[in-house]
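I'd like to ask some things about the structure below.
Here is how names work: the chains are called A, B, and so on, in the same order as the sequence lines, proteins then strands, and each is numbered from 1.
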There are 2 protein chains.
Amino acid sequence: MNLSARQLKAFLMLAEERHFTRAAQRSHLTQPAFSAVIQSLEEALGVRLFDRSTRRVELTPEGWHFYRSAPRLLNDIEALVGEMRELVSKRRGKVAVAALPSLAAGWLPRIYAKFSALYPGVQLTLHDALLEPCLVQVREGEVDMAIAALGRDMSGLETESLCEDRFYLICRGDHRLANEPEVDLTMLENEGLIHLGRGSSIRQSLMAQTDLSKLRTTLEVDHLATVTGLILAGLGVSLVPGMTLFHFRHPQLRIVPLSRHSEIRRKLYLVRRANRSLSQAAAAFHELVMRERSSLGPGDQMDIREMS
Amino acid sequence: MNLSARQLKAFLMLAEERHFTRAAQRSHLTQPAFSAVIQSLEEALGVRLFDRSTRRVELTPEGWHFYRSAPRLLNDIEALVGEMRELVSKRRGKVAVAALPSLAAGWLPRIYAKFSALYPGVQLTLHDALLEPCLVQVREGEVDMAIAALGRDMSGLETESLCEDRFYLICRGDHRLANEPEVDLTMLENEGLIHLGRGSSIRQSLMAQTDLSKLRTTLEVDHLATVTGLILAGLGVSLVPGMTLFHFRHPQLRIVPLSRHSEIRRKLYLVRRANRSLSQAAAAFHELVMRERSSLGPGDQMDIREMS
DNA sequence: CACACTTACGATATTCGTAAGGATT
DNA sequence: AATCCTTACGAATATCGTAAGTGTG
């Protein structure tokens with residue numbers, strides 16, 4: 001037995017029209033072919049569904065019984081197929097992304113806006129989280145992908161490089177280095193440095209690439225917004241990657257690039273589960289991110305321009 | 001697009017097993033053939049439903065979405081097909097029959113008992129009604145068939161002869177004709193005759209075949225049970241067909257056949273709608289009636305034996 | 001290298017359209 | 001005679017199983 005949507009559709013068409021020739025036309029079939037579909041259905045069910053003479057076509061008692069359920073059934077089938085088509089065409093769907101706070105606040109919203117314009121039916125979710133929580137959410141399938149740095153354990157994850165993010169010195173306008181065109185790490189000796197928490201990828205990038213022992217760590221906070229306030233209050237300076245510079249557009253703050261030879265960089269990646277395909281909507285989002293990645297990397301110039 | 005039950009079943013099998021070879025075996029297909037079914041489904045939906053490497057088979061996001069609805073859908077399909085099979089096999093169904101009161105009380109219950117034993121799942125309905133209401137119910141499709149006589153208007157109806165029913169004289173044991181082996185209509189002159197109502201087929205048969213002007217009509221009632229009482233009270237005699245004789249098994253009543261040459265008969269038919277097929281259950285009932293018709297026709301002997 | 005999915009390919013079955021057949025009004 | 005469903009039949013398509021190919025652990 002193998003009931004098909006085509007048979008159901010033909011049955012309903014004939015039950016409505018009570019006329020093989022018309023029902024066949026509406027089904028885009030020749031009348032004999034249509035007849036064969038009905039016959040195959042009757043044979044599959046083992047019972048005649050229509051009484052037909054050349055002048056009259058009518059449902060048999062069993063036909064009526066079938067007719068009670070068939071429309072709902074076909075409707076369910078077509079609803080399901082329709083849903084799938086909507087997913088494929090991205091008229092519907094969901095994309096969940098995890099991103100480091102710096103990206104979640106700065107670059108990603110612009111991507112979200114573009115994506116929403118392209119696919120207004122797709123529901124977007126954004127989880128701003130520190131590096132490790134980002135990776136956990138990807139690994140556990142809570143999000144489709146993350147935009148983050150590399151973590152300690154990247155097993156089961158697949159990464160694609162997005163950009164490299166240079167670091168900058170943030171200081172108050174009256175700081176001794178405020179008007180340098182660029183600074184060197186050696187110039188920062190004995191400066192009071194305001195750090196982000198240890199869960200932060202910014203902090204981790206810094207620790208991995210730099211010897212900060214010559215600097216004094218004055219404070220450690222969790223949010224960049226807080227850093228702004230602390231610097232303004234004269235409590236120290238900070239080193240942050242380019243992606244976060246929009247936090248520091250302030251008349252009394254200065255942003256000074258680190259010189260080439262003491263350049264520190266944070267590498268950012270798009271992270272997703274290994275060997276797992278993305279949903280159609282997520283794949284479209286992924287594609288958009290990769291296409292737009294030039295708008296955040298190589299990284300520095302653009303952000304400087306934005307700030308000026 | 002033509003979704004089929006086979007595709008759904010294969011999909012669910014694979015979603016459960018996550019293994020083409022095993023799922024193929026359980027589907028009684030070779031693995032490549034099974035693979036082709038899955039591919040045809042994916043092609044029909046325009047989206048991959050399974051991520052497969054040689055070592056792992058897993059649902060894609062779209063596959064999961066499909067999986068949310070597919071089991072219910074397949075279940076509905078199989079439920080419908082199952083229902084149809086039950087109707088065909090007469091494990092379920094309905095049969096509604098209309099019958100003249102004489103048959104509804106006497107012969108038909110025995111048929112119902114036999115039918116119920118054969119098909120305990122089929123629900124039987126019996127409408128005992130006078131001739132014209134019987135025919136109306138058939139014509140309007142309220143019942144599958146009727147067991148009745150011929151009416152004035154038989155258009156749209158199809159009849160099959162069931163039996164002929166002889167008439168008998170019913171009188172009290174102390175009546176002058178009580179011990180005759182048979183009586184002639186002429187012997188009934190000036191008798192007081194108890195009639196049934198004009199809607200009754202018994203009355204109509206009598207009127208059509210006999211000149212009753214020599215007899216006095218003393219009373220006219222609607223139910224045979226009442227006739228019994230009236231005869232016992234000495235209010236007259238009655239003429240009734242053989243099928244009703246069980247009403248008159250009473251020590252003080254006598255049943256006397258009418259002689260051959262003044263024989264009156266009531267013809268009984270199975271009546272159904274013209275050009276309309278019966279439901280499977282009704283067809284089985286019809287067949288049983290026709291097979292058992294010898295147990296009521298030619299009519300007389302048996303009833304006489306029963307009465308003795 | 002062994003297991004597992006895909007591709008290739010020939011055989012069979014199904015489906016389709018055209019044309020002829022048969023029944024009903 | 002006209003209408004309309006069924007049957008007949010050849011062509012295109014789909015489905016199946018066997019066997020070879022490919023890729024992954």
Spacing between Glu42(A) atom CD and dC5(D) atom C1', to the nearest angstrom: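 Spelled out: CD on Glu42(A) to C1' on dC5(D) is 12 Å.
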
Thr21(A) vs dC5(D): side-chain N/O to OP1/OP2 distance below 4.0 Å: yes

Value in whole Å for how far the P atom of dC5(C) lies from CZ of Arg22(B):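 Between P of dC5(C) and CZ of Arg22(B): 9 Å.
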
Trp64(B), Phe34(B), Phe66(B) screened by ring pair (Phe, Tyr, Trp, His ring centres under 6.0 Å) with Phe11(B), the one that passes: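 That would be Phe66(B); it is the only one of Trp64(B), Phe34(B), Phe66(B) passing the ring pair (Phe, Tyr, Trp, His ring centres under 6.0 Å) with Phe11(B).
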
Donor-acceptor pair present, Arg55(A) side chain and dC4(D) base, under 3.5 Å: no

Glu160(B) bridged to Arg272(B) by N-O distance under 4.0 Å: yes

Between dG25(D) (C1') and Asn275(A) (CG): distance, integer Å: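 Going from CG in Asn275(A) over to C1' in dG25(D) covers 12 Å.
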
Distance test, side-chain N/O of Gln39(A) to OP1/OP2 of dC5(D), below 4.0 Å: no

OP1 or OP2 of dC4(D) under 4.0 Å from side-chain N/O of Arg52(A):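 For dC4(D), neither OP1 nor OP2 has a side-chain N or O of Arg52(A) closer than 4.0 Å.
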
Nucleotide dT15(D), atom P - distance to CG of Leu41(B) in whole Å: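 Nearest whole value for this atom pair: 12 Å.
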
Touch class at under 4.0 angstrom, heavy-atom based, for Gln31(B) against every strand present: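 Touches a base.
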
Contact nearer the 5' end of DNA chain C, comparing Ser53(A) with Ser40(A):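 Looking at the nearest nucleotide for each, Ser40(A) comes out on the 5' side.
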
Touch class at under 4.0 angstrom, heavy-atom based, for Arg6(B) against every strand present: sugar-phosphate

Proximity to the side chain of Pro32(A) - top-ranked nucleotide from dA19(C), dC16(D), dC5(D):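 It is dA19(C).
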
Euclidean distance, atom CZ of residue Arg18(B) to atom C1' of dC3(C) [Å, nearest integer]: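 These atoms are roughly 19 Å apart.
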
Lys/Arg N to Asp/Glu carboxylate O, Glu42(B) vs Arg52(B), below 4.0 Å: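 Looking at Arg52(B) together with Glu42(B), the answer is yes, because their closest N to O distance falls below 4.0 Å.
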
Integer-rounded Å distance: dC16(C) P and Gln7(A) CD: 10 Å

Working for side chain to side chain donor-acceptor pair (under 3.5 Å), residues Ser53(A) and Arg55(A): CA-CA 5 Å; Ser53(A) 70; Arg55(A) 292 292 153 185; over 6 Å; no

Selected nucleotide, minimal atom distance to Arg48(A) side chain, candidates dT6(D), dT24(C), dG23(D): dT6(D)

Interatomic distance where CD1 belongs to Ile38(A) and C1' belongs to dC4(D) [whole Å]: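 One finds 15 Å between C1' of dC4(D) and CD1 of Ile38(A), rounded.
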
Partner of Glu78(B) under salt bridge (Lys or Arg N to Asp or Glu O under 4.0 Å), chosen from Arg85(B), Arg6(B), Lys9(B), Arg72(B):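 Of Arg85(B), Arg6(B), Lys9(B), Arg72(B), salt bridge (Lys or Arg N to Asp or Glu O under 4.0 Å) with Glu78(B) is met by Lys9(B) alone.
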
Spacing of Phe50(A) atom CZ relative to dC4(D) atom C1', expressed in whole Å: 16 Å

Options dC4(D), dC5(C), dT6(D), nucleotide nearest the side-chain atoms of His19(A):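 Within the option list, the nearest is dC4(D).
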
Presence of Thr30(B) side-chain N/O under 4.0 Å of dG17(D) phosphate oxygens OP1/OP2: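 Yes, within the criterion.
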
